[in-house]
Amino acid sequence: MTRETLHFINGQFVGGQSGRLFDNRSPLDNRLVSRVHEAGRAEVDAAVRAARAALTGPWGRMTADERAQLLHAVADEINRRFDEFLQAEIADTGKPVSLASHIDIPRGAANFKIFADTIKGVATEFFETPTPDGKGAINYALRVPKGVVAAICPWNLPLLLMTWKVAPALACGNTVVVKPSEETPSTATLLGEVMNAVGIPPGVYNVVHGFGPDSAGEFLTTHPDVNAITFTGETRTGAAILKAAADGIKSTSMELGGKNAALVFADCDMDQAIETTTRSAFANCGQVCLGTERIYVERPIFDEFVRRLGEAARSMKPGRPDDPATKIGPLISHEHRRKVLSYYEKAKAEGATLVAGGSVPQMPGELAEGAWIEPTVWTGLPETSAVVREEIFGPCCHVRPFDTEEEAIRLANDTPYGLAAALHTTNLARAHRVGAQLEVGICWINAWFLRDLRTPFGGSKQSGIGREGGVHSLEFYTELRNVCIKL
Ligand SMILES: NC(=O)c1ccc[n+]([C@@H]2O[C@H](COP(=O)([O-])OP(=O)(O)OC[C@H]3O[C@@H](n4cnc5c(N)ncnc54)[C@H](O)[C@@H]3O)[C@@H](O)[C@H]2O)c1
Ligand SMILES: N/C(=C\C=C\C=O)C(=O)O
């Protein structure tokens with residue numbers, strides 16, 4: 001009997017009324033993981049109605065402290081069921097246990113903890129206001145939840161990125177309707193069991209499955225009773241959602257695509273630069289929005305850096321998630337692999353120098369059906385190449401030399417994106433000087449994906465709108481009301 005993935009609405013696991021289901025297949029070996037119910041307008045409307053009703057039930061009457069306690073209980077229950085979340089995430093993505101057990105699942109719990117703690121200590125402003133009659137007035141601000149929040153999520157870090165939205169939304173007293181990616185429905189659904197187990201009231205957390213256009217995603221973003229939309233995904237999808245949100249003047253938070261650069265100066269710690277760049281280029285099979293697809297290396301160390309990065313790429317052993325020797329998993333799907341391979345072909349056609357990879361590995365047995373691809377390093381392409389301009393979202397990067405600091409900054413900033421950057425230097429003054437000039441939301445120096453969840457996170461230019469993280473999430477997940485009292 002094939003397992004079915006149901007919606008989670010008003011505290012109940014329910015099938016779709018339309019009877020439409022779609023396959024969720026493992027990227028490892030293309031085997032069927034589950035048949036997923038596709039939400040129609042009726043299911044999306046039921047979820048939004050449940051979320052609306054929960055706002056005026058027990059949830060809406062809870063204090064910030066009471067919500068914080070429940071969110072800590074959610075985090076503890078995720079940790080108690082760690083292996084179930086791990087297996088569910090890996091079933092959908094094929095990513096190595098070593099990655100999901102250190103990044104995806106721990107962050108699922110950590111996201112609830114950080115926002116449970118943040119919401120307990122939030123001050124708002126107060127003014128004593130002079131008045132002509134001399135008696136004065138006082139003004140104070142209240143933070144109130146926005147209401148029903150739609151969370152539209154991507155497939156690359158499913159639990160991490162979904163809870164990065166749900167945790168602050170609930171901490172601030174909102175209710176949510178989550179639309180996970182059609183590629184990765186499992187952990188968002190499993191979280192429904194956790195919500196029930198710890199006593200989050202029905203309707204506070206809802207999950208509907210489906211696709212984007214003319215499916216659950218679009219029905220949710222255009223639903224008249226959704227107050228705010230938090231979206232993570234491709235820039236062009238973000239643009240479509242902004243258009244959908246416009247009619248209802250809905251608040252939107254956009255975490256979008258990137259074409260991130262790494263700058264490697266000759267004075268860097270080469271071993272650290274190679275280790276860090278290998279992760280930023282190839283981690284999660286290159287499917288991290290913060291990942292590095294453009295690398296600029298100061299000329300004196302260019303040849304050595306390219307040689308060593310090529311060696312590192314060739315050392316990324318693909319394999320089963322539970323094999324400790326596995327260093328890289330597959331891409332999320334054959335469809336995505338076709339997209340990434342099209343850039344591999346573009347690079348070849350444009351005469352790139354192939355340092356490592358460039359093709360599809362031969363995998364044994366049942367793994368031969370997986371969406372595997374070789375980690376790839378190129379040099380020799382012009383900055384105008386689509387391979388250097390467009391987000392590929394695979395385990396590949398292009399490396400080119402630079403001669404001056406000013407040139408490196410110009411090259412790094414020459415992109416319509418502005419999400420993340422990495423900078424490798426042992427010169428402290430240069431680290432601060434250059435880091436501040438990179439037009440991105442987050443710049444790492446001698447590090448990558450080192451995250452303090454209290455810091456502002458988000459993209460500039462076409463990489464996003466808004467910042468989430470710590471108190472910055474409150475700006476999106478609450479409304480400020482000003483109350484003025486005449487004394
Ligand atoms: N900035 C960040 O923090 C961040 C984090 C992770 C991924 N990303 C980006 O996400 C992309 C990869 O994820 P993806 O392929 O899932 O992105 P995607 O844009 O294809 O889909 C993201 C989600 O949006 C839904 N969707 C698609 N079209 C929609 C529409 N018209 N209306 C409503 N919902 C719609 C999808 O079903 C999915 O759930 C990459 O571009 C990556 O850079 C950004
Ligand atoms: N939003 C975050 C990571 C995004 C990763 C992109 O793929 C985070 O670490 O909070």
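Counting starts at 1 for both ligands and their atoms, in listed order. Everything quoted here is computed from the prediction, not taken from an experiment.
- In this structure a side-chain-to-backbone donor-acceptor pair under 3.5 Å is present from Trp448 to Leu290.
- Close approach to Arg451 involves these atoms of ligand 2, each under 4.0 Å from a residue heavy atom: 8 (C), 9 (O), 10 (O).
- Distance from atom 10 (O) of ligand 2 to its nearest protein heavy atom, with residue and atom name: Arg107 NH2, 2.7 Å.
- Atoms of ligand 2 found under 4.0 Å from any heavy atom of Leu157, numbered from 1 in the order shown, are 5 (C), 7 (O).
- Here the heavy atom of the protein found nearest to atom 5 (C) of ligand 2 is Cys289 SG, 3.2 Å.
- At least one donor-acceptor pair closer than 3.5 Å links the side chain of Thr221 to the backbone N or O of Glu218.
- Inter-residue side-chain proximity for Pro318 and Thr326 is flagged as unmet; no heavy-atom pair is nearer than 4.5 Å.
- Proximity of Leu161 to ligand 2, defined as any heavy-atom pair under 4.0 Å, is confined to the side chain (atoms from C-beta onward).
- With a 6.0 Å cutoff to the six-membered ring centre and a 45° limit on the axis angle, Arg451 counts as a cation-pi contact of Trp164.
- Residue contacts with ligand 2 for Asn111 are absent, since no atom lies close enough (heavy atoms, distance under 4.0 Å).
- A donor-acceptor distance shorter than 3.5 angstrom exists from the side chain of Asn446 to the backbone of Thr425, with no hydrogens or angles considered.
- Of the possible donor and acceptor atoms, none in the side chain of Asn30 sits under 3.5 Å from a partner among the backbone N and O of Glu369.
- One N or O on the side chain of His102 and one on the backbone of Ser98 form a donor-acceptor pair closer than 3.5 Å.
- At a heavy-atom cutoff of 4.0 Å, ligand 1 is surrounded by Ile152, Cys153, Pro154, Trp155, Asn156, Leu161, Lys179, Pro180, Ser181, Glu182, Phe211, Gly212, Pro213, Gly217, Glu218, Phe231, Thr232, Gly233, Glu234, Thr237, Ile241, Glu255, Leu256, Gly257, Cys289, Glu391, Phe393, Leu419, Phe457.
- Phe22 approaches Glu182 most closely through the heavy-atom pair CE1-O, 3.5 Å.
- Ser463 places a side-chain N or O within 3.5 Å of a backbone atom of Gly418 that can act as its donor or acceptor partner.
- Listed by number with element, the atoms of ligand 2 under 4.0 Å from a non-hydrogen atom of Trp164 are 1 (N), 10 (O).
- Among protein heavy atoms, the minimum distance from atom 2 (C) of ligand 2 is reached at Phe457 CZ, 3.6 Å.
- Cation-pi geometry between Lys165 and Phe476 is not met: the NZ or CZ atom fails to fall both under 6.0 Å from the ring centre and inside 45° of the normal.
- Remark: ligand 2 atoms within the under-4.0 Å shell around heavy atoms of Asn156 are 6 (C), 7 (O).
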